[in-house]
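See structure below.
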Protein chains: 2
Amino acid sequence: MLELDKIKYYRNYEAGQPVVWSGDQLDFVASVVTGIAALTQTMEDGRTQMVGLLLPSDFLGRPGREITSFDVTAVSDLTLCCFRRKPFEKLISATPNVSQRLLEMTLDELDSAREWMLVLGRKTAREKIASLIAIIARRESKLHLTRPEDGFRFELPLTREAMADYLGLTLETVSRQISALKRDGVIELLSNRQVHIPDFRTLLAETGDDADGGMPA
Amino acid sequence: MLELDKIKYYRNYEAGQPVVWSGDQLDFVASVVTGIAALTQTMEDGRTQMVGLLLPSDFLGRPGREITSFDVTAVSDLTLCCFRRKPFEKLISATPNVSQRLLEMTLDELDSAREWMLVLGRKTAREKIASLIAIIARRESKLHLTRPEDGFRFELPLTREAMADYLGLTLETVSRQISALKRDGVIELLSNRQVHIPDFRTLLAETGDDADGGMPA
DNA sequence: CGATTACTTTGATCCAGATCAACAAGGGGC
DNA sequence: GCCCCTTGTTGATCTGGATCAAAGTAATCG
C-alpha cells in the first residue's frame with residue numbers, strides 16, 4: 001500500500017461544518033482519522049434522517065461513483081485522510097486485495113444499515129435510546145479494550161438533536177427517554193454528555209434485542 | 001464466467017417457505033432467477049421488520065461470511081441459482097472483475113438501505129405507502145420498458161402484511177392508507193393487488209421526496 | 001359447490017411520541 | 001463578572017398510527 005502514500009493528503013473540519021452536500025461531486029475518497037462524521041438525508045420540508053455515522057477508520061465515498069447521495073457533516077472536529085479519486089481507482093483496479101477488503105467493509109456497513117432498519121421501524125423510543133447508548137458503549141469499550149460488561153463511563157459524541165436524527169425521534173423525546181433511563185437506574189449521568197453504565201446487561205435488556213444480537217456500527 | 005456453470009445448480013421454494021433462518025449456516029450463495037425473496041429481522045416478542053427485498057438478478061449471501069444475519073423467506077414462488085460457496089469464493093479471489101462487480105452491487109444495496117432508513121424514520125404512513133408503490137411501479141416499468149410517467153397498471157407482489165413489515169406499520173394502517181390513496185384518486189384498484197396509476201407525478205408528489213430523488217430497491 | 005381458511009377492509013378506542021411552550025444550565029467572549 | 005447563545009430539560013396538549021374487534025371477500029379444498 002505504499003503507493004497510497006503518494007496520493008494522500010489531509011483535510012480538517014470543525015464541528016458542524018459540512019463535508020459535502022448530497023448531489024455534489026466528491027473528487028476524493030477518504031478515511032476518517034479522528035472525529036465523527038454523519039451521513040444524513042433531508043426532505044424538502046426539513047425532516048432529516050441520519051443514515052450513517054463515520055468513526056475513525058471508516059471509509060467515505062464510493063469508488064466508481066463521483067456523486068454522493070447523502071449530506072456528510074462533521075459532528076465533532078474531524079480529520080479526513082483523503083485520496084484523489086482517479087489514482088485511487090486506478091490502484092484498486094490494479095490490486096485485488098484492496099477491492100476485496102472494500103467489499104468486506106461495505107458488506108459490514110450493509111449489515112449495520114439493515115440492523116438499524118429494525119431499530120427505526122419497530123423499536124420504541126426507549127428501546128431506540130438504549131440501543132444507541134449500547135452501540136456507543138460497545139465501541140468505546142472496544143477502543144479502550146475493556147469489556148463492556150464491567151460498569152464504565154464514556155462521553156456521548158452526539159447532541160440530543162443528532163441522536164434524534166439518528167433514531168427517527170424528536171429531541172424532546174430523546175431527552176425524556178434519557179431522563180427515564182436515568183430515573184430507572186439503567187444509566188447514570190455525570191453531566192449531559194458523560195454517561196456511566198452501572199450494569200451493561202441491564203442496558204442490553206432495554207434494547208429489545210435478544211441476548212447477544214450484534215449491533216449496527 | 002464459464003467456470004461458474006460448473007458449480008451452479010437450482011433451488012425452488014414455494015411462496016411463504018423459509019430459505020434460511022438468521023444465524024444459520026449458508027453453504028451457498030445465489031442469485032434470484034424468478035420470484036421474490038424477503039430479508040427480515042425478528043425481535044423476541046415477534047415484531048418483525050423487512051430489511052430487504054430480493055428481486056430477479058439480486059444476489060443472496062456474502063462471500064467470506066457463512067452465517068446469515070437475517071431470515072430469508074420466499075414471498076412468492078422462488079427459483080434461486082445457487083453456487084457452492086467454496087468454489088465460488090475461490091473464483092472471486094482469482095478474478096478481480098467479479099469482486100469489483102460485487103462491490104458495485106453491494107454499494108447500490110447500501111444506498112438503497114440508507115434511503116429506506118429515511119422512509120422508516122421520517123415518513124408518514126401515507127408517504128410510506130406512496131413510496132413503496134412508486135418503487136414497485138418504477139421497477140415494473142423498467143421491466144416492461146415503459147416509462148412510469150405514462151399511466152399503467154401492475155400487480156403488487158406483497159400482501160398487506162408484508163408491506164406493513166417492510167414499512168414499519170401495521171397491516172390495518174397499510175390497508176387504510178391504500179384506501180385513502182384510492183379515495184383521493186392517486187391510485188386505482190382493479191382488485192386487491194392490481195394497481196393502476198393514472199398519473200405517476202401525482203403519486204410521486206405523495207412520497208414526500210423532492211422531484212426526482214432516487215428510490216431504494 | 002359449500003365450507004374452510006387466508007387475506008382485506010372498516011370501525012371504535014387508546015396511547016406513544018409529536019408538538020407547542022417555558023425554562024434551566026452551561027460556556028465562551030468581552 | 002455579566003450577557004448572549006447554544007444545548008438540554010420538563011410540562012401540557014394533541015394526534016397519527018396502534019390496538020382491539022367485526023365483517024366482508026376471495027381463494028382453496030374436500
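Each chain gets a letter, A, B and so on, in the order the sequences are listed, and its residues count up from 1. All values below come from the heavy atoms of this structure, side chains included, with hydrogens, waters and symmetry mates left out.
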Practice item. Only counting residues at least two apart or in another chain, list the ones meeting salt bridge (Lys or Arg N to Asp or Glu O under 4.0 Å) with B/Arg62. Key: A/Asp108, A/Asp111

Practice item. Could you tell me the separation between the NZ atom of A/Lys182 and the P atom of D/dG8, rounded to a whole number of Å? Key: 13 Å

Review point. With a cut-off of 6.0 Å (strictly less than), are more than 12 heavy atoms of other residues, nucleotides or ligands near CZ of A/Arg11?
Key: yes

Review point. So what does A/Ser191 touch, heavy atoms closer than 4.0 Å: a base, only the sugar-phosphate, or nothing?
Key: nothing

Review point. Hey, is B/Glu109 close enough to B/Arg114 for a salt bridge, meaning N to O under 4.0 Å?
Key: no

Check your understanding: Could you give the CD1-to-C1' distance, from A/Ile178 to D/dG8, as a whole number of Å?
Key -> 10 Å

Practice item. List the protein contact pattern of nucleotides 18-30 of chain D with one symbol per nucleotide (5' to 3'): B for base contact, S for sugar-phosphate-only contact, - for none; contact means a heavy-atom distance under 4.0 Å. Key: SBB----------

Study note, to complete from the structure: Between CG of A/Leu171 and P of D/dG11 the distance, given in whole Å, is 16 Å

**Study point:** CD/B/Glu161: more than 12 non-hydrogen atoms of other groups inside 6.0 Å
**Key:** no

Revision key, fill the gap. B/Leu189 CG to C/dT8 P, in whole Å, measures 11 Å

Practice item. Figure out the CZ/P separation between B/Arg183 and C/dT10, and round it to whole Å. Key: 10 Å

Exercise for review: Output yes when B/Glu188 and B/Lys182 qualify as a salt bridge under the 4.0 Å nitrogen-oxygen rule, no when they do not.
Suggested key: no

Review point. Counting only side-chain N and O atoms of B/Arg193, is one of them less than 4.0 Å from OP1 or OP2 of C/dT8?
Key: yes

Review point. Among D/dT9, D/dG17, C/dT8, which nucleotide sits nearest the side chain of B/Gln177?
Key: D/dG17

Review point. Base, sugar-phosphate, or nothing: which does A/Ser175 touch, judged by heavy atoms less than 4.0 Å apart?
Key: base

Exercise for review: Return the value, rounded to whole Å, for the distance between atom CD of A/Glu161 and atom C1' of C/dA18.
Suggested key: 15 Å

Check your understanding: Does OP1 or OP2 of D/dT6 have a side-chain N or O of A/Thr159 closer than 4.0 Å?
Key -> no

Exercise for review: To the nearest Å, give me how far apart NZ (A/Lys123) and P (C/dA16) are.
Suggested key: 18 Å

Check your understanding: B/Ile129 has an atom CD1; how far is it from atom P of C/dT9, in whole Å?
Key -> 10 Å

Exercise for review: Using side-chain contact (heavy atoms from CB on, under 4.5 Å) as the criterion, point out the one residue from B/Val32, B/Thr73, B/Ile36, B/Val72 that pairs with B/Leu78.
Suggested key: B/Val32

Review point. Which heavy-atom pair separates B/Thr124 from B/Glu127 by the least distance, and what is that distance?
Key: N-OE1, 2.9 Å

